[in-house]
Amino acid sequence: MRDFTGRTRELAELDAALTGSKAGWGPLAVVEGMGGVGKTSLVVHWARQAADRFPDGTLFANLRGYGPSAPVVPAMVLAGFAQALGASAEQVSADEDAVAGLYRSLLADRRVLVVLDNAASAEQVRPLLPGASGCAVMVASRAALPGLRVTDGAVTVALAPMPEREAVSLVRGVVGEAIADAEAGMVAELVALCGGLPLAVRVAACRAAAARHGGVAGVVAELGNERDRVAGLSVSGDERSGVQSVFDVSYQRLSAQQARVFRLLGLHPGPEFGVPAVAALTGLDEKPAYRILEDLADLHLVEPVGFRRYRLHDLLHAYAVTRAESDEPGESQERAVSAVLTWYAQAADLADRAAYPNNPRPQIKLPRVLPVPEFEREEALAWLDIELPTLTAAACLAEREGVWAAAVVLAGVHHVVTPRPRALWPSRLAAETAGVAAARAGGFRRAEALLLVRLSDSHRMAQSYEEACVYGERAMEVSHELDDTVAICDAVSGLGRIRLSQQRYEEALEYYLDALPISRATGKPRVEAVIECNLSEIRIALGQYEQALEHAERELVLRREAGDRLGEAYALYGIAVARWMLGEHQAAIETGERAVELFSTSGAVNRFALGALEMLAAVHTELGQRDQAVTALRAAHSVMVEFGDPRADEVALRLRESHAAAPPESAAGGAAGQG
């Protein structure tokens with residue numbers, strides 16, 4: 001195509017694959033990828049660039065492996081190729097073996113490039129391989145064709161959707177630089193909506209170039225609804241050039257069971273999934289679910305992203321949604337959605353219990369769907385990390401679909417977001433908002449009280465203090481209606497935490513002093529420890545260091561009594577700060593180092609240790625221990641960078657200034673240089 005762009009890596013791979021010959025036969029490359037990803041454009045472009053390497057010409061055939069008509073039989077292609085190479089009609093036999101022999105003899109002393117587009121299978125391709133060392137073959141297919149790799153030495157070139165930069169360049173080539181520059185932000189959004197799929201990008205860009213569609217912004221608006229997106233990427237008067245038609249062909253070639261699994265993936269609450277989740281979604285056992293996912297991967301309808309994990313391209317997901325709505329009975333859709341949401345809630349709850357055994361959570365019994373994973377602590381933490389985007393989407397979908405219990409449990413798990421990068425915090429807000437609505441709708445009043453406190457705290461973290469107070473007051477109301485001492489304590493301390501974040505320390509102190517006797521009445525050491533922890537922090541802010549130390553030491557006893565190792569690290573940190581403020585520098589350092597060590601050995605995310613590291617840097621600085629101070633500050637800076645702390649740039653500047661001011665021997669290799 002005249003506006004072909006990018007694909008530098010793939011063109012280089014074809015250069016490498018199709019140069020030279022192996023063991024007497026010519027090189028063979030298979031370009032594989034999903035429908036619309038640009039396989040034909042790539043092989044045609046490479047063939048034109050490489051024309052001088054094949055002085056005897058190029059043979060091209062569309063094998064129609066994926067199209068409205070049946071795949072072309074090899075004998076027909078062989079007959080056409082033989083005549084193109086100079087054989088007369090009389091020489092071309094009706095017998096496939098005979099015409100294959102003629103074809104190979106005609107190519108024996110020639111240097112020809114054979115391009116076989118849209119291949120359905122290895123069996124369709126094999127009779128068309130020349131066998132001559134001077135010839136090369138390029139095959140393009142939506143299927144993986146592993147047989148050609150095993151028996152024919154094919155080199156595979158996997159074609160993925162275009163990177164954003166290349167896709168933007170393609171749009172610019174179609175709409176023109178003036179329009180692209182004027183609507184640069186919209187061009188990037190257009191590319192994102194098309195998922196980098198070249199066919200979709202080209203169709204959308206052509207629509208944008210036509211003034212009647214409102215330019216790039218107009219097309220972006222048209223494609224904003226996922227359900228209409230694939231249909232919107234069509235070409236008037238040319239059915240085969242539309243994205244939906246391309247996907248239709250792949251879908252229609254699936255077996256009944258493969259097609260059902262594919263369309264049900266459109267109901268999954270996120271683009272990435274593992275085998276157990278798909279088993280729950282489809283009602284299949286894991287073995288057949290895995291086999292079908294592997295089949296779909298070979299057909300490039302899903303993409304493998306890890307061990308027994310897959311991803312669905314955004315446009316394929318949108319297409320699967322439309323197929324589910326048109327081809328899957330309503331009752332089956334409802335069952336699939338309810339089952340997969342309940343499965344995620346069960347698995348997330350078990351992972352949360354393994355990772356954070358002392359953390360309060362909604363106490364809701366879920367119906368058993370399928371076996372769920374069993375987790376050790378490290379496995380649970382890893383699973384929660386990788387599944388977090390899906391868990392957020394699942395919580396919101398469960399609330400919309402009325403799967404109340406699953407929505408509440410999934411929302412309760414989202415406390416795991418707190419120590420993670422700030423960019424993830426909105427996911428906690430979204431899930432807990434859905435969870436509060438689901439708890440109210442489902443009549444889960446105690447869970448509602450818990451989630452209102454959590455939602456209030458999420459708004460506090462986002463510095464939306466007015467909203468935080470609204471949800472905190474609602475939590476107080478529900479807790480008093482339930483006459484639940486623990487819930488009342490949580491609500492009171494939550495309101496105190498908002499005042500603490502606003503640095504309204506006297507008001508915060510009143511709330512926490514009110515909460516302290518309530519926490520003792522619960523008989524739960526961890527609940528009381530949280531109050532003591534915050535009282536220690538408030539006393540430090542008010543300059544009441546002796547009282548701060550008393551609160552922190554009491555907290556440490558309670559944390560140990562509750563078996564809360566992460567909380568124990570918090571208590572040690574509070575003690576260290578109080579000791580520092582009281583001028584007990586060495587005691588502060590020793591206790592602070594124990595806190596940092598415990599934060600790491602408890603399996604906590606590093607962000608919890610940030611305050612202790614900053615404190616250690618400050619204490620060492622006061623003592624003139626420059627190398628130790630820089631080591632602690634570097635560790636703190638790495639945590640800030642990892643978790644998006646806005647102070648990271650300021651700390652980086654301090655580190656550079658400290659390095660510049662260092663004496664030569666320290667700069668050359670002291671402790672600071674090793675940090």
Side-chain angles (χ1 to χ4, degrees), residues 385 417-428 458-465 497 500-505 536-538 540-543 545 548 569-570 572-600 604-675:
D385 270 341
V417 172
T418 305
R420 286 163 172 77
R422 288 171 182 261
L424 296 177
W425 288 2
S427 67
R428 173 176 168 173
S458 294
H459 281 290
R460 178 194 64 80
M461 288 164 55
Q463 298 183 341
S464 303
Y465 297 121
R497 189 69 185 168
L500 179 55
S501 295
Q502 294 174 297
Q503 299 182 357
R504 293 158 60 174
Y505 299 117
S536 177
E537 184 177 347
I538 293 166
I540 290 290
L542 292 172
Y545 306 131
Y570 267 124
L572 288 169
Y573 167 48
I575 291 170
V577 173
R579 294 283 186 198
W580 173 33
M581 293 294 101
L582 289 167
E584 301 173 19
H585 291 76
Q586 193 56 42
I589 290 172
E590 292 172 1
T591 310
E593 288 175 345
R594 284 168 56 204
V596 171
E597 181 182 358
L598 194 54
F599 275 127
S600 60
V605 181
N606 285 340
R607 185 171 176 272
F608 285 132
L610 181 56
L613 289 167
E614 291 181 279
M615 183 216 69
L616 287 170
V619 178
H620 283 302
T621 299
E622 285 188 11
L623 294 175
Q625 298 169 344
R626 178 198 166 277
D627 287 353
Q628 293 93 322
V630 170
T631 298
L633 198 59
R634 278 183 178 157
H637 179 256
S638 68
V639 176
M640 289 178 180
V641 170
E642 182 179 357
F643 293 97
D645 192 301
R647 298 171 299 158
D649 290 342
E650 175 193 339
V651 172
L653 178 61
R654 286 168 57 194
L655 284 167
R656 286 195 294 271
E657 290 172 348
S658 177
H659 182 74
E665 62 274 12
S666 178
Q674 300 167 7

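Values below: every heavy atom of this structure, side chains too, minus hydrogens, waters and symmetry copies.
- Take Y573 and apply the ring pair (Phe, Tyr, Trp, His ring centres under 6.0 Å) test, not counting sequence neighbours, and it matches no residue.
- Residues forming a side chain to side chain donor-acceptor pair (under 3.5 Å) with H459 (at least two apart in sequence, or on another chain): none.
- Residues forming a side chain to side chain contact (heavy atoms under 4.5 Å, CB included) with S638 (at least two apart in sequence, or on another chain): none.
- The list of salt bridge (Lys or Arg N to Asp or Glu O under 4.0 Å) pairs with a residue in residues 608-624, not counting sequence neighbours, reads E614-R647.
- Residue L500 holds its CG atom at 4.5 Å from CD of E537, rounded to the nearest 0.5 Å.
- In this view, D385 and R420 satisfy the salt bridge (charged side-chain N to carboxylate O under 4.0 Å, His left out) rule, not counting sequence neighbours.
- Considering only residues two or more places apart in sequence or on other chains, A629 meets the side chain to side chain contact (heavy atoms under 4.5 Å, CB included) condition with H620, T621.
- Residues meeting the side chain to side chain contact (heavy atoms under 4.5 Å, CB included) test with Y465, sequence neighbours left out: R460, Q463, I498, S501, Q502.
- Considering only residues two or more places apart in sequence or on other chains, S458 meets the side chain to side chain donor-acceptor pair (under 3.5 Å) condition with R428, E432.
- Side chains of I589 and Q625 form a contact here, defined as non-hydrogen atoms less than 4.5 Å apart.
- The CG atom of L633 sits 13.0 Å away from atom CD of Q628, with the distance rounded to the nearest 0.5 Å.
- Residue pairs satisfying the salt bridge (Lys or Arg N to Asp or Glu O under 4.0 Å) criterion with at least one member in residues 580-595, sequence neighbours excluded, are listed as follows: R579-E584.
- Remark: A462 pairs with S464 by the side chain to side chain contact (heavy atoms under 4.5 Å, CB included) rule, at least two apart or across chains.
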